[in-house]
Enquirer: 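First the structure, then my questions, so here it is.
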Number of protein chains: 2
Amino acid sequence: MGSRETVNKILRLNTRDKSTLLRSSFIAQMGPTVVPAILELVSIVNVEARDVLFREGDHADAFYSVLVGYVRLYRLNKDGREADIRICGPSDTFAECLLALGDTYVYNAQAAEPVTLARFDLQRMRQIAEKNPEVLKAVIRCLSDHLLVSMDCIANDRLQTAPQRVAHYLLGSVNAEEGATSIRLPFQKSLLAGKLGLAPEALSRAFSSLRRVGVTVRGRTIQISDINALKDI
Amino acid sequence: MGSRETVNKILRLNTRDKSTLLRSSFIAQMGPTVVPAILELVSIVNVEARDVLFREGDHADAFYSVLVGYVRLYRLNKDGREADIRICGPSDTFAECLLALGDTYVYNAQAAEPVTLARFDLQRMRQIAEKNPEVLKAVIRCLSDHLLVSMDCIANDRLQTAPQRVAHYLLGSVNAEEGATSIRLPFQKSLLAGKLGLAPEALSRAFSSLRRVGVTVRGRTIQISDINALKDI
DNA sequence: CGCATCCTTGAAATAGGTCAATATCCGTGG
DNA sequence: CCACGGATATTGACCTATTTCAAGGATGCG
């Protein structure tokens, strides 16, 4: 029964989820030889908005890729204040550093909305990696990307003001090179605030200070009248 | 001649440097089979205090391990303000993420004092890694450690005040568990300030605010009268 | 012993956090 | 399709931590 259920979970991986998984930063780098073996050990997990996936210090037996929704990775200080470390969206992988680091989660993870995840068993993944350098290389790629993102985050926190961080985020989400565009935020503003290391109020104020360079906010929709003006902030 | 010189460089690797290199976070994880091959392609680099090793955007053909001294990894904003991303000391490896990421440095690196480095050629290292999963695993280990350090840094920047960051640093450098001790800072205070994401003045003030919990500063020597008192900051 | 560098201290300016009140958004159910 | 209500977001006022600028003091190297 237990195994029957597991098989069902895998079979139920719908076309859209499966293609997201195959295109995830982690899986996408591997060839047709290992991918099936990995898909064997993947299970699908659905969690509701605000559910805590795991906590810092918990025993870890899996890492994850996001298929649908957004997950918040964060730490707590002893007063219970929270600080986001990374926001993971579709195709992002997290906690994969535990492949090398140990069996304890090093941050908390919470679903910011209803989320679908691919779950990779750590032990079994280590076994597969042991036999397949291809997997090791994918892990290296993945870790390098995350390290780069983290270093960007440190530098931005230390060098940029709130409006600059917001401008930087907008420029990174924009398709066009210049002129006018509009963006739809993929998540709530409170999540963006956390991602940028700001209180929600500070994000609001940053947006309103960007009005003078042609940024208009209506709900999740952001109008940008001149991309180049944003770059000068 | 050129090759003669290279050989000399390697031969000149003195006992102390060599043992540091063999114990560096990167090399130490590998067995006797690959290590000699890697030592073959290592060259030793000496740079003077304040020398810039490379700049963000420079073409990259090597990564490094520190043997002696300290190296500052930092970014610039467009006004020329600097923010440290990581401080690397003896046995630390940096820029190894370029093995996967590309051939452009993603930050600036500057010697904070006279420094001796082991230089790993990226191309040749990639070739060795291709044949030796052991090397890939060492790289994963190394990247995971750096990622963890970076995430700690983000969380600390966002959650802790200046005195808390200093207390946290001191507690991490202390050997004893409780009672009184003293520490000798391994580098200048201005470097510590940068590492903690503070202006030098803020570090000074943080130290003087820690006086009331029994922290006394004289030059590079820090006296701590009660470790447990520090933990409560 | 002297000079340069590094560190500390003070005073003023600022960015952002916190708290509280109001406004807006959006999913739900009618 | 609209109206309702809870959750989100904005705004204002205040407060605190940290930066910045400027000057004085300590430190250590030659």
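Within every chain, numbering begins at 1; the chains are lettered A, B, ... in the order of the sequence lines, protein sequences first and strands thereafter.
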Enquirer: For the side chain of B:Ala202, starting at C-beta, report the closest nucleotide among C:dT9, C:dC6, D:dT18.
Expert: D:dT18
Enquirer: Which part of the nucleic acid does A:Arg50 contact within heavy-atom distance under 4.0 Å: base, sugar-phosphate only, or nothing?
Expert: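 The residue A:Arg50 makes sugar-phosphate contact but no base contact.
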Enquirer: Please tell me which of the listed nucleotides, D:dT8, C:dC26, D:dA13, lies nearest to the side chain of A:Arg205?
Expert: D:dA13
Enquirer: Show the numbers, then the answer: is there a side-chain contact (heavy atoms from CB on, under 4.5 Å) between B:Ile44 and B:Leu117?
Expert: CA-CA 6 Å; B:Ile44 299 298; B:Leu117 298 162; over 6 Å; no
Enquirer: How close do A:Lys195 and A:Phe187 get, heavy atom to heavy atom, and via which atoms?
Expert: CD-CZ, 4.2 Å
Enquirer: Please determine, for the side chain of B:Ala199, which listed nucleotide (C:dT18, D:dT19, C:dC7) has the closest atom?
Expert: D:dT19
Enquirer: Taking 4.0 Å as the cut-off, does a side-chain nitrogen or oxygen of A:Ser208 come that near to OP1 or OP2 on D:dT10?
Expert: no
Enquirer: Could you give the CZ-to-P distance, from B:Arg165 to D:dA17, as a whole number of Å?
Expert: 13 Å
Enquirer: Look at the side chain of B:Ser204 and decide which nucleotide, out of D:dT18, C:dT8, D:dT19, has an atom nearest to it.
Expert: C:dT8
Enquirer: Closest approach to the side chain of A:Gln188, judged atom by atom: which nucleotide of C:dA15, D:dT8, D:dT18 is it?
Expert: D:dT8
Enquirer: When all nucleic acid strands are considered with a 4.0 Å heavy-atom cut-off, which category describes A:Leu203: base, sugar-phosphate, or nothing?
Expert: nothing
Enquirer: A:Arg220 or A:Thr161: which one's nearest nucleotide on DNA chain C is closer to the 5' end?
Expert: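 Here A:Thr161 is the residue nearer the 5' end.
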Enquirer: Think A:Lys189 has a side-chain N or O under 4.0 angstrom from the OP1 or OP2 of D:dT10?
Expert: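 Looking at the OP1 and OP2 atoms of D:dT10, one of them is under 4.0 Å from a side-chain N or O of A:Lys189.
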Enquirer: Of the candidate nucleotides D:dT20, C:dG17, D:dA9, which contains the atom at the shortest distance from the side chain of A:Arg81?
Expert: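 Nucleotide nearest to A:Arg81's side chain: C:dG17.
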Enquirer: Walk me through whether A:Glu82 and A:Arg72 qualify under salt bridge (charged side-chain N to carboxylate O under 4.0 Å, His left out).
Expert: CA-CA 11 Å; A:Glu82 302 182 348; A:Arg72 219 163 66 83; 2.6 Å; yes
Enquirer: Given the side-chain rings of B:Phe63 and B:Phe26, with only the six-membered ring counted for Trp, is the space between their centroids under 6.0 Å?
Expert: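 Yes - the distance between ring centres of B:Phe63 and B:Phe26 falls below the 6.0 Å cut-off.
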Enquirer: Between B:Val217 and A:Pro200, name the one whose nearest nucleotide on DNA chain C is closer to the 5' end.
Expert: B:Val217
Enquirer: The side chain of A:Leu198 is closest to which nucleotide in this list: C:dC6, D:dA9, C:dG17?
Expert: C:dG17
